[in-house]
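Only one structure is covered here, and it is reproduced in the block below.
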Amino acid sequence: MNKILTFGEIILRLSPPGHRTMKQSHALEFFFGGTELNVAASLATMGCGVKHVSCVSDDFVGESALAFVKSFGIDASFITRNEHPLGLYFLEVGASVRASRIAYNRLNGSFANIQSGKTDWKKALEDCSYFHWTGISPGISEAAYESLKEGLKTARAMGIEITADPAYRSNLWKYGKSGKEVLQELVGYSTIFIGGVNEINEILGTNFSPDKEGFLKACNELKRQIPSIRKIFDKIRIGVTASSQQTQGRALANGNYFETGFLEVNPVVDRIGTGDAFAAGLIYGLQHFDDEKALHFANAACAVKHTILGDINYSSVEDILEVMNGDSGGRIKR
């Protein structure tokens, strides 16, 4: 009962090498990723047993995506395939005062056309203690929403811990449903909320301030309206420039408030997947530490991911613990 199940799109990222723009580049690097897969791969790298539920294209691109998933030791038994192409996105990596830019091509991809009712959720969840989802998946298509809802209902009935990262994306939600209403519904099946004041305001339609007092009020209102939520963990990121970031975590768990100090990352190698690294670090931490240490571990995982190219945090538990414990000088290990 120690495995973690994740549900979400496997997406292909295409980027000009280095910090070039598309206009000045004639070559693209590619990386497989996807918010929930990033979490799964990071957890697998840390030694956890992980399953991923998704749908990929029935061609050599989908085959490559499956091989990538399996390379981490992730159980891909519940990943289906169809005739639609794998979703993808283009990323220009920013630097200093120039921000990164992303363009998505995913709303008609293989995951968007996943068939609800095809996953044996009870079997998929039978040896799992956690189910992680994000608000990106139900925003992609109604089919993805319906499939996720089936999984959440099953997990809730089985008493599995459900971590919700609402991750609202306004450029999704093209199929007629309200993102606010859907996310509020799905968070209602969950027990742990990974998000802060902005996410709570989006879901509840409130207007709490981002300071500590506003965070506590927002958390208590979320718990009042959605009583299944027991713990709330928030990642704070302060962007000095595209190349310099600071990260901090704060939480309200079982009535106790705690926060971490700031970790500074300069220069940033890759910002993509840093929130996913936080979520993976948190889930690992909740399985192995108390709530406060879990938050510190998650914040360190988030900071370390800023230094790793690609969507996925390849850091080991030992790598993250070193940063968490203050060893951030970057000395060569011989």
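Under the ring pair (Phe, Tyr, Trp, His ring centres under 6.0 Å) criterion, His19 pairs with no residue, sequence neighbours left out. Every residue was checked against the ring pair (Phe, Tyr, Trp, His ring centres under 6.0 Å) condition with Phe193, not counting sequence neighbours, and none meets it. Take Phe68 and apply the ring pair (Phe, Tyr, Trp, His ring centres under 6.0 Å) test, not counting sequence neighbours, and it matches Phe32, Phe72. Applying the side-chain contact (heavy atoms from CB on, under 4.5 Å) criterion to Thr274, with sequence neighbours excluded, gives Arg237, Cys302, Lys305, His306. In terms of the ring pair (Phe, Tyr, Trp, His ring centres under 6.0 Å) criterion, residue partners of Phe289 (sequence neighbours excluded) are, by chain and number, Phe297. Partners of Asp75 by salt bridge (Lys or Arg N to Asp or Glu O under 4.0 Å), not counting sequence neighbours: none found. Scored by the salt bridge (Lys or Arg N to Asp or Glu O under 4.0 Å) test, Glu63 finds Arg81 as partners (sequence neighbours excluded).
Using modelled atom types, no side-chain atom of Gln287 and backbone atom of Tyr284 make a donor-acceptor pair closer than 3.5 Å. Looking only at distances, no side-chain donor or acceptor of Ser315 sits under 3.5 Å from a matching main-chain atom of Ile320. Side chain of Ser190 to backbone of Ile192: no donor-acceptor contact under 3.5 angstrom is found. Not a single donor-acceptor pair under 3.5 Å links the side chain of Ser228 to the backbone N or O of Tyr189. Judged by distance alone, the side chain of Asn220 and the main-chain N or O of Leu216 form a donor-acceptor pair under 3.5 Å.
Residue pairs satisfying the ring-ring contact (aromatic ring centres under 6.0 Å, His included) criterion with at least one member in residues 133-158, sequence neighbours excluded, are absent. Judged as a salt bridge (Lys or Arg N to Asp or Glu O under 4.0 Å), the pairs with a partner in residues 106-120 (not counting sequence neighbours) are, in order, Glu9-Arg106. Within the structure, salt bridge (Lys or Arg N to Asp or Glu O under 4.0 Å) contacts touching residues 269-278 (residues at least two apart or in different chains) are Arg13-Asp270. Residue pairs meeting the ring-ring contact (aromatic ring centres under 6.0 Å, His included) criterion with at least one member in residues 91-120, sequence neighbours excluded: Phe7-Phe111, Tyr89-Tyr104. Applying the ring-ring contact (aromatic ring centres under 6.0 Å, His included) test to every pair with at least one member in residues 223-277, sequence neighbours left out, gives no pairs at all.
The shortest distance between side-chain heavy atoms of Ile200 and Glu221 does not fall below 4.5 Å. Proximity of Lys177 to Pro138: side-chain heavy atoms (C-beta onward) are nowhere separated by under 4.5 Å. Using a 4.5 Å heavy-atom cutoff, the side chains of Gln184 and Val187 are not in contact.
Nearest heavy-atom pair across Met22 and Glu92 is N-OE2, 2.8 Å. In terms of heavy atoms, Thr241 sits closest to Ser96 at CB-O, 3.3 Å. Considering every non-hydrogen atom in both Val69 and Ala76, the closest pair reads CG1-CB, 4.3 Å.
Environment of NZ in Lys223: crowded, with over 12 heavy atoms of neighbouring residues, nucleotides or ligands closer than 6.0 Å. Within 6.0 Å of atom CG in Asn108, 12 or fewer heavy atoms from other residues, nucleotides or ligands are found, so the atom counts as exposed in its surroundings.
With salt bridges taken as basic N to acidic carboxylate O contacts below 4.0 Å, none links Lys51 and Glu126.
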